[in-house]
Structures are given as C-alpha cells and as structure tokens.
Amino acid sequence: MSIVKVIEVIASSESGFEDAVRNAVKEVSKTIKNIDSVYVKDFKVHVKDDQIVSFGVICKVSFRIDDGLKNT
C-alpha cells in the first residue's frame, strides 16, 4: 500500500501561469521525491501601475511516501 502526502505551495513567475506551476514543481522537487501530481487550487496576478507584473499559483502537490519496507 502506498501512502500519499499533500502539501500546499505558492509559486510565481513573470512569464505566465504555466511557468509559475513549473517553478512550483522545480522548487518542491529539490527536497521532495516521488511527486505524483499537482492540483492548481488558485490563480492570481500582481499588478503595479495598471500592469500585470507577475503571475501566481497556489498548488497542492501530491507525492508518495517511501516507507522503506520491501515485500519478501
């Protein structure tokens, strides 16, 4: 049986929403292994002087926990 854990992360990009999601996965994968999926919970943009300056996402990242047990 696999155990899946879910964490919530916030990421941003100056390029767009897709790039913000990629940044989330890139940063999370530095410390978390076995990432299975990413659910984008929310989108937002930051505005300055009537212009969009960055795109943000709130993501739920799911990953499998490796318990180190082996079937014999």
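Residues Glu14 and Val53 come closest through the heavy atom pair CG-O, 3.7 Å. Minimum heavy-atom separation, Ala20 to Ser13: N-CB, 3.6 Å. For the pair Lys33 and Ser29, the tightest heavy-atom approach, listed with the atom from each and the gap, is NZ-O, 3.2 Å. Closest approach of Val25 to Ile35, counting heavy atoms only: O-CD1, 4.4 Å.
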Decide side-chain contact (heavy atoms from CB on, under 4.5 Å) for Val61 and Ile32; before the verdict, give the C-alpha distance in whole Å, the side-chain angles of both, and the deciding distance to 0.1 Å.
-> CA-CA 10 Å; Val61 179; Ile32 301 292; 5.8 Å; no
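Val9 is not connected to Val6 by any chain of hydrophobic side-chain contacts under 4.5 Å among Ile, Leu, Val, Met, Phe, Trp and Tyr, and they are in different clusters. One hydrophobic cluster holds both Val28 and Val40 under the rule that ILVMFWY side chains link at heavy-atom gaps under 4.5 Å.
Qualifying ring pair (Phe, Tyr, Trp, His ring centres under 6.0 Å) partners for Phe17, counting only residues two or more places apart in sequence or in other chains: Phe43, Phe55.
Other members of a hydrophobic cluster containing Tyr39 are absent, since no ILVMFWY side chain comes under 4.5 Å of it, directly or through relayed contacts.
Summarising the geometry, atom CD1 belonging to Ile10 is positioned 9.0 Å from atom NZ belonging to Lys41; distances are rounded to the nearest 0.5 Å. Atom CD1 of Ile3 and atom CG of Asn34 lie 12.5 Å apart (nearest 0.5 Å).
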